[in-house]
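Report on one structure; see the data block that follows.
Owing to the predicted nature of the structure, the values given are computational and were not obtained by experimental measurement.
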Amino acid sequence: QVQLAESGGGLVQAGASLRLSCTASGRTSCRYAVGWFRQAPWKDREFVAGISWNGDTTRYYDAVSDRVTISRDHAKNTVYLQMNNLKVADTAVYFCGADPSAGNYGLPFEYVSWGQGTQVTVSS
């Protein structure tokens, strides 16, 4: 099983940028797609972005698609979530999850591993 850990969150002002990292350890030789989610207090967990194992297929939540880019670096066992022009509404705990059943090309769907989350707080 692959283990995930998020990092890169913090407190920023509206309009700033952050790059979140999802770093894998353990069984990193397996193929896995990755998705980013976020959850604010008293709200449902929300899908933000997903990426296939080969990195060629991505999907974004429409509300943030113009400000967010997901990418991965296999050499570092890391998936990134670049977020630009952050808004107060982006404030949440951001999680990444891994799907080892998506093959080389598929987007994540069945998540079996999760990180602990990283807090993103955007002030006005």
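- In this structure, Met83 and Leu20 have side chains that are in contact, with non-hydrogen atoms separated by less than 4.5 Å.
- Applying the side-chain hydrogen bond (donor to acceptor under 3.5 Å, both in side chains) test to Ser21 and every residue at least two apart in sequence or in another chain returns nothing.
- Cluster membership for Val34 and Val2, using ILVMFWY side-chain heavy atoms within less than 4.5 angstrom, is shared.
- The backbone N or O of Ser52 sits less than 3.5 Å from a side-chain atom of Arg72, completing a donor-acceptor pair.
- Linking Ile, Leu, Val, Met, Phe, Trp and Tyr residues whenever their side-chain heavy atoms come within less than 4.5 Å places Val48 and Leu86 in a single cluster.
- Side-chain atoms of Asp99 come within 3.5 Å of backbone N or O of Phe109 as a donor-acceptor pair.
- The OH atom of Tyr111 sits 10.0 Å away from the OG atom of Ser101 when rounded to the nearest 0.5 Å.
- Taking each heavy atom of Leu18 and Gly8 in turn, the nearest pair found is CD2-O, 3.6 Å.
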Could you go through residues 60-69 and list every donor-acceptor pair under 3.5 Å that involves a side-chain atom there, pairing it with any protein atom two or more places apart or in another chain?
residue: Tyr60; atom: OH; partner: Ile70; partner atom: N; Å: 2.9
residue: Tyr61; atom: OH; partner: Glu46; partner atom: OE2; Å: 3.3
residue: Ser65; atom: OG; partner: Asp62; partner atom: O; Å: 3.2
residue: Arg67; atom: NH1; partner: Asn84; partner atom: O; Å: 3.4
residue: Arg67; atom: NH1; partner: Asn85; partner atom: O; Å: 3.1
residue: Arg67; atom: NH1; partner: Asp90; partner atom: OD2; Å: 2.8
residue: Arg67; atom: NH2; partner: Asp90; partner atom: OD1; Å: 3.1
residue: Arg67; atom: NH2; partner: Asp90; partner atom: OD2; Å: 3.3

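- Nearest approach of Asn77 to Tyr32, heavy atoms of both residues: O-OH, 4.4 Å.
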Output a table of donor-acceptor pairs, distance under 3.5 Å, between side-chain atoms of residues 116-124 and any protein atom two or more places apart or on a different chain; print 'none' if there are none.
residue: Gln116; atom: NE2; partner: Glu6; partner atom: O; Å: 3.1
residue: Thr118; atom: OG1; partner: Gly9; partner atom: N; Å: 3.1
residue: Gln119; atom: NE2; partner: Ala92; partner atom: O; Å: 3.4
residue: Gln119; atom: NE2; partner: Thr121; partner atom: OG1; Å: 3.3
residue: Ser123; atom: OG; partner: Val12; partner atom: O; Å: 3.4

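- Of all heavy-atom pairs spanning Pro108 and Gly35, the tightest one is CG-N, 3.8 Å.
- Hydrophobic clustering (side-chain heavy atoms under 4.5 Å, transitive across Ile, Leu, Val, Met, Phe, Trp, Tyr) keeps Leu81 apart from Trp114.
- The six-membered or imidazole ring of Trp53 lies away from that of Tyr105, with a centre-to-centre distance of 6.0 Å or more.
- The two residues Cys22 and Trp36 make their nearest non-hydrogen contact at CB-CZ2, 3.5 Å.
- Side-chain contact check for Asn104 versus Arg31: some heavy-atom pair is nearer than 4.5 Å.
- Rounded to the nearest 0.5 angstrom, Ile51 CD1 and Thr58 OG1 are separated by 6.5 Å.
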